[in-house]
Every structure is written in C-alpha cells, then in structure tokens.
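Have a look at the structure below, then the notes.
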Amino acid sequence: MIKTLAKYIGEYKKDAIITPIMMLVEVIFDMIIPFFMALLIDEGVSKGDMKNIVLYGALMMLGAFGGLAAGIIGARTGAKASTGFAKNLRMGMFSNIQKFSFSNIDKFSTPSLVTRMTTDTTNVQMAFQMILRMACRSPINLIMAMVMTFVINARLAMVYLVAVILLGIVLAVIIVIASKTFNRIFPKYDALNESVQENVTGIRVVKSFVRERDEMKKIRKASGNIYKLFSKAEKIICLNSPAMMFTVYACIILVSWIGAQMIVVDDLTTGELMSFLTYCMNILMSLMMLSMVFVMITMSVASAERICEVLNEKSDLTNPENPVMEVKDGSIEFDHVVFRYNENSEKPILQDINVKIPSGSVVGIMGGTGAGKTSLVNLISRLYDVSSGSVKVGGLDVRQYDMEALRDQVSVVLQKNVLFSGTFLENLRWGDEKATLEECIEACKIANAHDFISARPDGYNTHVEQGGVNVSGGQKQRICIARALLKHPKILILDDSTSAVDTATDAKIRDALKEERPDMTKIIIAQRISSMQHADMILVMDDGKIVDRGTHEELLERNEIYREIYESQQSGDFDENGGEL
C-alpha cells in the first residue's frame with residue numbers, strides 16, 4: 001500500500017523532503033531556548049549580571065525567530081506536498097477508471113468511487129501532512145527533550161520517563177479500540193452518497209410521486225449511521241485529553257515538589273527547575289501530537305486501502321502485444337459465442353450465438369427484457385470479452401485489435417443518452433473534436449436534429465444544461481445519433497435509441513442513414529417493429545439465444561410471436577404525424 005501511494009508524491013518529493021528537515025531545525029531551536037533560559041536565570045538574574053541577561057535573552061530571541069522561520073517554511077512545503085499528493089491521487093484514480101472495462105466498473109459503485117476520490121483522498125492528504133510535520137517533529141522533540149532532562153538531572157528525569165511509558169500505553173489502547181470503529185465508517189459514506197445521488201438524479205420522479213419524506217428518511221438514516229459511528233469513535237478518542245492533562249499536572253506537581261527539595265540541598269538550581277518544567281511541556285505536547293497523528297493515520301489507513309483498490313485495479317481487457325490498428329470493414333461474425341458477466345455463474349447470458357453480418361447491411365434485433373440484446377452488441381466494441389467462442393469484426397477477432405482503434409469504428413447510441421454541460425456544438429464534437437460546423441450540420445440533418453437546433457436563438461451554440469435537462473428525450477436521442485455519425489464509423493449500433501421519437505421521424509432517420517451512409521453496417525435494437533422491418537435480417541432473441549432470424553416478410557410468415565407483435569403494434573402504433581415523446 002505504501003509503495004503504491006508513494007508513487008503519487010511525484011513532483012512534490014522536494015517539498016516532502018524539505019518539510020521534515022525544517023521540522024528538525026525547528027525542534028533544535030525549541031530545545032535550546034529552555035537551556036538558555038536556565039542560564040539567564042542562574043547566570044544573569046540570580047547574580048544580577050545584566051551582561052548575561054542581555055546575552056542569553058538575545059540568544060533566546062534568535063532561537064525563537066529561527067524556530068518560527070523553520071516552522072513557517074515547513075508548514076508551507078508540507079501543505080504544498082500534501083495537497084499536490086492528493087491532486088495526483090485523484091488524477092491517478094480517475095485515469096485508471098477510464099481504463100476500466102465494464103466488468104471492472106461493476107465492482108465499484110459510482111457513489112463508492114466518488115467517496116474514494118473525495119472523502120478518502122482528503123483523509124489521506126491530512127494524514128500525509130501530519131506525517132511530514134507532526135510525525136517527524138514529535139518523536140524528535142520527545143527524544144531531544146528527554147535527553148536534555150537527563151543531561152540536567154537524571155534522577156528528576158525519571159519522572160518524565162515513567163510518565164511517557166504509562167501515557168504511551170494508555171494512548172495505544174485508545175487508538176486500537178478507536179481504529180475498529182473508524183474502519184466501519186467509510187462504507188457508510190458510500191451508502192450516504194448513493195442515497196444523495198439517487199435523489200438528485202431522480203428528483204423529478206421523487207417530486208412526481210411525492211416521495212420527499214421517504215427520501216428524507218433514507219438520508220436521515222444514512223447520515224445517522226455515520227453520526228453514531230463517529231460519535232462512538234470520538235468518545236473513545238476524547239479519553240486522550242483527560243489522560244494527557246492528568247499526566248501533565250501530575251508531572252508538574254512531582255517535578256515541582258522533588259525539584260524544590262533538590263534546590264534546598266543545592267542539587268538543582270532554580271533555572272534548571274524552570275527549564276525542566278519547560279521540557280515537561282515539550283515532552284507531553286509531543287505525546288499529544290503523536291497521539292493525534294496515530295488517530296489520523298488510523299482513520300486514513302482504511303481510506304488508503306480503498307484508494308489503492310482503485311489504483312491497483314487492472315482492466316480485464318488489454319491490448320495484444322502487436323495490435324491491429326485498422327478495421328478493414330464493418331462485417332461482423334459471432335462464432336459459437338458464450339458470455340457470462342460472472343465466470344462463476346451457472347447460466348450464461350448468451351448461449352451459442354452464431355451469426356454472420358455482411359459489411360454495409362442493416363440488422364434488426366428484437367426480444368423481451370433480459371433476452372441478451374444489449375449484451376450481444378457490447379461484445380462488438382469489446383466492452384466485454386466473450387467467455388468462449390469469438391467475435392470477429394472486419395474478419396479479425398476483436399481481441400486482435402487495438403481497443404481504441406476498434407471502438408473508433410463502432411459507434412453506439414443508447415436509449416439513455418448522456419449530454420454534457422456545454423453547447424450543442426461541443427457535445428457533437430465528442431464524435432470528432434476536429435469536426436467543422438458544416439460537418440456537424442450534415443450529421444444533424446441525417447439524424448433529423450438540424451431543424452430544432454437551428455430554431456433555437458443561439459442555434460448550435462445553445463447551452464446544454466447539466467444532464468441535458470433543457471432538451472427533450474427525442475431531441476437528446478437525435479443529437480446523440482448525430483454525435484455517433486461524426487465518428488464516421490464502419491458499424492453503427494442503435495440500442496433502442498429512437499424510442500423517444502415518433503414513427504415519422506424514426507422513418508426519416510432510417511431513410512437518411514440508408515441514403516447518406518450506405519456502406520456503414522447498422523444494427524438496430526428496438527421494440528417497435530416499424531424501426532427494423534426494412535432490415536436485411538432481423539434476429540429474434542429470447543433467454544440469451546437467437547430463436548429465429550430472417551427478413552420481416554419471412555418472420556411474418558413463419559414466426560407466430562413476431563406476427564402477433566407486429567399486428568398488435570400496427571393496430572395501436574403512433575400516428576405518422578404524431579409528435580415525439
């Protein structure tokens with residue numbers, strides 16, 4: 001874990017090295033101040049020697065300013081190193097997430113990934129800063145202060161030694177008990193983020209069904225669980241303070257009492273007693289800081305482990321050693337394909353799929369929910385790998401291609417489309433960042449999106465709100481089709497992506513695709529038979545199998561289920577001049 005995290009210190013190594021050095025310098029200055037204070041009292045004040053008072057006073061001031069300067073430099077470099085470290089961790093996680101296959105993503109929920117990149121990273125950042133500063137300063141301060149007390153008077157220093165050992169045992173017990181509670185907190189953060197995300201993204205549904213109170217109960221419960229665990233952990237940690245204060249006052253009383261007796265018999269001077277009491281505070285404050293460091297590290301260990309899980313996760317899909325960089329054409333072949341999302345599951349999602357799709361053809365796929373339609377097309381762009389068999393594109397197994405090269409030639413338009421904050425033009429250029437305005441207009445005309453875009457006051461520069469909330473479902477689908485066309489793919493997959501437009505618009509899109517992109521292989525997944533009835537081949541799927549295939553006319557003639565669906569849709573289909581959903 002430490003080795004994994006250390007790689008992300010990166011360009012901030014210099015600051016990470018300077019910080020503990022500055023802490024050491026600060027401790028040295030802090031340690032010499034009580035020493036000069038003792039000399040000022042014994043050699044200056046007690047003897048009435050103004051020269052020594054000025055000398056040792058000046059040396060104390062120099063020590064104070066030196067410690068202050070070192071502390072400021074250390075604080076600055078420590079803050080820079082820790083915040084830079086957190087920045088690199090976030091970028092490292094985000095970069096690795098982009099490489100995940102769908103099966104990798106399935107291991108981590110979205111709220112969990114958000115928690116790891118925010119709360120967990122902040123915890124690790126704070127712990128790293130405390131390690132660079134307090135964890136370096138406190139042990140050195142403790143050891144040097146202890147050494148100085150033994151140099152002054154070994155007998156009196158034994159009071160501190162016993163106190164440090166006893167207090168160390170108490171703090172260790174507190175930390176061990178508290179750490180068990182802290183380890184249970186972060187999964188609760190995931191649950192809270194999940195509830196918040198669901199509520200915010202589905203706020204229209206929540207309000208439509210008047211479920212605000214129920215959502216409040218869920219949030220209150222998730223937040224309450226975090227509160228209870230944190231309260232329990234903090235109650236344990238709070239025992240630090242009384243244990244520390246008891247030790248401090250006990251040491252002061254014992255040192256004052258024993259020291260006073262030693263002064264009477266001339267075994268100790270007044271200045272040495274004063275420096276002893278100062279070192280007492282240094283020692284005990286160092287212990288307090290160490291306890292805070294251990295608590296923070298205890299909290300951050302669970303966070304660090306969760307971060308490392310994301311950083312160390314390897315994609316299930318990798319490029320071959322010498323990948324093919326060019327897709328010859330849009331032909332597709334499924335050869336005895338079997339697919340499982342989980343290799344341990346007994347029943348596969350797809351079972352013995354065999355089908356050949358010539359380049360440039362139009363293929364329709366229909367079937368009930370859970371038939372395996374989307375799983376089938378996901379294999380074409382290698383979003384998943386087959387469990388057995390092979391999927392070939394352009395005559396080659398998809399596992400032989402460079403994944404980016406393959407996916408650049410396979411455009412997928414989903415039913416639930418995503419538009420990002422920005423303008424229509426910026427969203428369209430996700431398909432091709434170098435696309436000209438004319439090319440974007442051409443793609444939008446094919447997708448039947450140009451008219452409603454140009455009707456907006458700002459046209460293609462109209463701003464799209466987050467999630468595309470200022471665009472209707474049908475408009476969003478057509479923009480996404482245009483975006484996919486700008487890639488100029490050899491294969492276009494429409495996964496129920498015209499479900500929110502009327503049949504007349506659907507027909508216009510199909511006709512435009514046939515006329516403008518005749519060489520492109522088109523796969524249409526739809527529940528509406530009118531969307532695929534002119535396809536060269538229609539696949540009927542059920543329970544992960546292809547149960548029938550043929551043209552619209554062939555299936556009408558021999559497949560009773562297909563015929564019943566067609567007749568029911570014909571009697572209750574949308575009006576050709578109807579509006580979009």
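Ion pairing between Glu11 and Lys87 holds under the 4.0 Å rule for side-chain N and carboxylate O. The pair Arg116-Glu309 meets the salt-bridge criterion, since a charged nitrogen lies less than 4.0 angstrom from a carboxylate oxygen. Under the 4.0 Å criterion applied to side-chain N and carboxylate O atoms, Arg407 and Glu404 are not assigned as salt-bridge partners. Between Asp402 and Arg382, no side-chain nitrogen of the basic residue sits less than 4.0 Å from a carboxylate oxygen of the acidic one, so the salt-bridge criterion is not met. Between Asp120 and Arg90 no salt bridge is recorded (no basic side-chain N to carboxylate O distance below 4.0 Å).
Within the 4.5 Å cutoff, side-chain heavy atoms of Leu494 are placed close to those of Leu492. In this structure, Leu376 and Leu350 have side chains that are in contact, with non-hydrogen atoms separated by less than 4.5 Å. The closest side-chain heavy-atom distance from Ile97 to Val310 is below 4.5 Å. No side-chain heavy atom of Gln129 sits less than 4.5 Å from a side-chain heavy atom of Thr83. Considering only heavy atoms from C-beta on, Arg483 comes within 4.5 Å of Leu419 through its side chain. Two residues are said to be in side-chain contact when any heavy atoms from C-beta on lie closer than 4.5 Å; Leu161 and Phe150 meet this criterion. Put simply, the side chain of Ile491 does not reach to within 4.5 Å of the side chain of Ser411, judged on heavy atoms.
With values rounded to the nearest 0.5 angstrom, Asn378 atom CG is found 5.5 Å from Tyr341 atom OH. Within the model, atoms OG of Ser315 and CG of Asn96 stand 8.5 Å from one another, a figure rounded to the nearest 0.5 Å.
Under 3.5 Å, the side chains of Thr423 and Asn461 contain no donor-acceptor pair of N or O atoms. For the residue pair Asp15/Thr77, the side-chain donor-acceptor check at 3.5 Å is not satisfied.
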(request) Check step by step if ring-ring contact (aromatic ring centres under 6.0 Å, His included) holds for Tyr12 and Phe85. (result) CA-CA 7 Å; Tyr12 302 98; Phe85 175 55; 9.3 Å; no
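Residue pairs meeting the ring pair (Phe, Tyr, Trp, His ring centres under 6.0 Å) criterion with at least one member in residues 296-323, sequence neighbours excluded, do not occur.
Checked by atom type and distance alone, the side chain of Ser390 never pairs as donor or acceptor with a backbone atom of Asp397 at under 3.5 Å.
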